[in-house]
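Letters A, B, ... are given to chains in the order of the sequence lines, protein chains preceding strands, and every chain is numbered from 1. All heavy atoms count here, side chains included; hydrogens, waters and symmetry mates do not.
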2 protein chains.
Amino acid sequence: MEERNLPLGMEVGKMLREMFRVLKKRTCEQAQIKLTIEEFGLLHAISRKEDDVIQKDMAYILGKDKSAILRLIDSLEKKDLVRRVVDANDRRKNYLMVTKNGEKALKEYVEIGAKLMTELQEGLTEADMNTFYKVVNQIRSNSEKI
Amino acid sequence: MEERNLPLGMEVGKMLREMFRVLKKRTCEQAQIKLTIEEFGLLHAISRKEDDVIQKDMAYILGKDKSAILRLIDSLEKKDLVRRVVDANDRRKNYLMVTKNGEKALKEYVEIGAKLMTELQEGLTEADMNTFYKVVNQIRSNSEKI
DNA sequence: TGCAATAGTTGATATTATCAATTATTTATT
DNA sequence: AATAAATAATTGATAATATCAACTATTGCA
């Protein structure tokens, strides 16, 4: 299996493309609001955070450049799915709030996504998935140390 | 672990970004020829195929649009790393050949990549990696059926 | 001979990423 | 109090990739 080295990125890339292709297809058909995969990911991440969220933190959490996050937030704000709220005590900080529309859109996407993932994981056990995430986290973690 | 659904794409996406970030850094420092991740992936895939390779096949193998593959081939050809050779018996088909320069560039990138992957997989067993690939292939395969 | 299928190409558009530089604000230091 | 350093966000410019439909050239088949 040594020949598997490095093409790991290609194999994983292909898996993601196929998976996202189906997700896009379904969300296009079934969801009312159009979101790109990256917008959906950010909206989801914002929504999941219990404590206050600022842009810089989202950039770190998603492993993206802060200017890339800024543009995604711009896009979500334009669609009225999030709102930037300036911290009363520190005007450098914008808190990110998911609007009612945002919650609605997210609900649709999360439902479609959950259903799809159930289908895509057919034939895989919970132990398999646990090992999968372990590998993903290990590789990511090791990367961040370099 | 149910809350892990769907953000799989985000987790995996982040892993890939971190991994590729390091790979780019190192190839920038150490390799003589500049290749993007996608160019490297395509060059590698062309090189690995034992039988004759045409563009359409590469598109399928990498799960990319044929026009995207075409532009990547254009780019590699411009860098003199591959050559298109028209089939003598069927002028619709271009065979893709890796040039001497291409082999050279590939050798550098594969070495850097292999070394990196060894580091990134530290703490993971072969069984872990086997399960990881099993999951990747299963999800991709299930996606392709939809 | 004409049509269908195949392989590749093109133009247009959309999306995302990256980088450095900049602005505004707060905190720390002198 | 004034200045410097640090922090959060923004901006402009550029590069890369993806997607889609329509198109061209060629081959195979009825």
Side-chain angles (χ1 to χ4, degrees), chain A residues 9-10 13-14 16-25 27-28 34-43 46 52-79 82-96, chain B residues 9-10 13-14 16-25 27-28 34-43 46 52-79 82-96:
Chain A
M10 299 300 125
K14 183 172 181 180
L16 282 185
R17 279 192 291 281
E18 299 300 333
M19 191 176 85
F20 286 151
R21 181 181 58 76
V22 181
L23 181 61
K24 282 176 200 164
K25 185 173 190 286
T27 51
C28 248
K34 296 285 191 261
L35 291 178
T36 69
I37 294 292
E38 304 303 329
E39 288 171 339
F40 171 31
L42 177 56
L43 190 60
I46 294 170
D52 288 333
V53 170
I54 66 174
Q55 293 180 203
K56 175 173 174 283
D57 293 339
M58 285 330 292
Y60 177 75
I61 288 169
L62 296 177
K64 289 177 183 286
D65 195 78
K66 57 194 165 84
S67 58
I69 291 293
L70 178 132
R71 321 272 182 177
L72 286 174
I73 295 171
D74 282 347
S75 179
L76 289 174
E77 200 176 38
K78 189 173 182 181
K79 292 174 181 175
V82 299
R83 205 63 61 77
R84 283 176 169 98
V85 178
V86 182
D87 182 312
N89 296 323
D90 188 340
R91 291 207 300 269
R92 291 173 297 182
K93 291 179 171 177
N94 288 332
Y95 289 120
L96 300 170
Chain B
M10 298 301 125
K14 183 172 181 181
L16 281 186
R17 280 194 289 282
E18 299 300 332
M19 193 175 85
F20 286 149
R21 182 182 57 77
V22 182
L23 181 62
K24 283 177 200 165
K25 184 171 190 289
T27 53
C28 247
K34 295 283 189 261
L35 291 179
T36 69
I37 295 292
E38 305 302 331
E39 287 171 340
F40 169 33
L42 176 57
L43 190 59
I46 294 170
D52 289 333
V53 173
I54 65 173
Q55 293 180 201
K56 176 174 174 279
D57 293 340
M58 285 330 292
Y60 177 74
I61 287 168
L62 295 177
K64 289 176 182 286
D65 195 78
K66 57 194 168 89
S67 57
I69 291 294
L70 179 131
R71 323 273 183 175
L72 285 174
I73 294 171
D74 283 348
S75 179
L76 289 174
E77 202 176 36
K78 189 173 181 181
K79 291 175 179 173
V82 298
R83 205 63 62 79
R84 282 176 171 96
V85 179
V86 181
D87 182 310
N89 295 321
D90 187 340
R91 292 206 301 267
R92 291 173 297 184
K93 291 178 172 176
N94 288 333
Y95 290 120
L96 300 169

**Q** Ignoring the backbone of B/Leu72, work out which of C/dG8, D/dA6, D/dA18 is nearest its side chain.
**A**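 Between C/dG8, D/dA6, D/dA18, the one nearest the side chain of B/Leu72 would be D/dA18.
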**Q** Nearest whole Å is fine: how far is C/dG8 C1' from B/Asp87 CG?
**A**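 It works out to 14 Å between those atoms.
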**Q** Rounded to the nearest Å, what distance is computed from the CD atom of residue A/Glu38 to the P atom of nucleotide D/dT17?
**A**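 Rounded to whole Å, this separation is 16 Å.
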**Q** Expressed in angstrom and rounded to an integer, what is the separation of B/Lys14 atom NZ from C/dT16 atom P?
**A**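 It works out to 18 Å between those atoms.
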**Q** Go through the steps to decide whether A/Met58 and A/Gln55 satisfy the test side-chain contact (heavy atoms from CB on, under 4.5 Å), and finish with yes or no.
**A** CA-CA 5 Å; A/Met58 285 330 292; A/Gln55 293 180 203; 5.7 Å; no
**Q** Once you round it to whole Å, what is the distance between P of C/dA7 and OH of B/Tyr60?
**A**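 That distance rounds to 14 Å.
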**Q** Should B/Arg91 be listed as having a side-chain N or O under 4.0 Å from OP1 or OP2 of D/dT26?
**A**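 Answer yes for this pair, as a side-chain N or O of B/Arg91 is under 4.0 Å from OP1 or OP2.
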**Q** What does A/Asp90 touch in the nucleic acid at a heavy-atom separation under 4.0 angstrom: a base, only the sugar-phosphate, or nothing?
**A**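 Answer is sugar-phosphate: A/Asp90 comes under 4.0 Å of backbone atoms only.
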**Q** Answer yes or no: does a side-chain N or O of A/Lys66 lie under 4.0 Å from OP1 or OP2 of D/dA9?
**A**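 No, A/Lys66 has no side-chain N/O under 4.0 Å of OP1/OP2 on D/dA9.
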**Q** Rounded to whole Å, please give me the gap between CG in B/Asp52 and P in C/dA7.
**A**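 The answer, rounded to whole Å, is 14 Å.
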**Q** Between B/Arg17 and B/Asp74, name the one whose nearest nucleotide on DNA chain C is closer to the 5' end.
**A**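 Between the two, 5'-proximity favours B/Asp74.
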**Q** If each of A/Asn94 and A/Lys24 is mapped to the nucleotide of DNA chain D with the nearest heavy atom, which maps nearer the 5' terminus, i.e. the 5' end?
**A**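 Nearer the 5' end of the strand: A/Asn94.
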**Q** Taking donor-acceptor contacts at under 3.5 Å, does the side chain of B/Arg71 reach the base of C/dG8?
**A**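 No such pair is found, so the answer is no.
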**Q** Could you check whether any side-chain heavy atom of A/Leu96 comes within less than 4.5 Å of a side-chain heavy atom of A/Leu76, counting everything from C-beta outward?
**A**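 No - every pair of side-chain heavy atoms lies 4.5 Å or more apart.
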**Q** Within the side chain of A/Lys14, is there an N or O that forms a donor-acceptor pair under 3.5 Å with the backbone of B/Ile61?
**A**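 Indeed, once roles are kept as given, a pair shorter than 3.5 Å links the two residues.
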**Q** Output the rounded distance in Å from CG (B/Leu70) to C1' (D/dT17).
**A**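 So the CG-C1' distance, B/Leu70 to D/dT17, works out to 13 Å.
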**Q** Compare the minimum distances between each of C/dA17, C/dA5, D/dA8 and the side chain of B/Arg92, then state the nucleotide with the smallest one.
**A**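 Nucleotide nearest to B/Arg92's side chain: C/dA5.
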**Q** Hey, does the side chain of B/Asn89 come within less than 4.0 Å of D/dT26's phosphate (OP1/OP2), counting only N and O?
**A**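 So the side chain of B/Asn89 is outside the cut-off, no N or O lying under 4.0 Å from OP1 or OP2 of D/dT26.
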**Q** Would one find a side-chain N or O of B/Gln55 under 4.0 angstrom from OP1 or OP2 of C/dT9?
**A**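 For C/dT9, OP1 or OP2 has a side-chain N or O of B/Gln55 closer than 4.0 Å.
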**Q** Take atom NZ of A/Lys79 as the centre, draw a 6.0 Å sphere, and report whether it contains more than 12 heavy atoms from other residues, nucleotides or ligands.
**A**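 Count over threshold, so yes.
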**Q** I need the NZ-P distance between A/Lys93 and D/dA9, as an integer number of Å.
**A**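 Whole-Å distance recorded here is 8 Å.
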**Q** Looking at B/Phe40, does the NZ or CZ of B/Lys34 lie under 6.0 angstrom from its six-membered ring centre and within 45 degrees of the ring axis?
**A**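 That pair does not qualify as a cation-pi contact.
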**Q** To the nearest angstrom, how far is B/Ile69 atom CD1 from C/dA7 atom P?
**A**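 From B/Ile69 CD1 to C/dA7 P: 15 Å.
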**Q** Across the strands shown, which category fits B/Arg84 at heavy-atom distances under 4.0 angstrom: base, sugar-phosphate, nothing?
**A**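 The residue B/Arg84 makes sugar-phosphate contact but no base contact.
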**Q** Just compare D/dT27, C/dT16, D/dA8 and give me whichever is closest to any side-chain atom of A/Thr36.
**A**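 Closest nucleotide among those given: C/dT16.
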**Q** Can you establish whether the number of heavy atoms outside A/Arg83 located under 6.0 Å from its atom CZ is more than 12?
**A**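 Incorrect, the count does not exceed 12.
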**Q** Report which part of the nucleic acid B/Ser67 touches: base, sugar-phosphate, or nothing (heavy-atom distance under 4.0 Å, all strands).
**A**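 Result for B/Ser67 = base.
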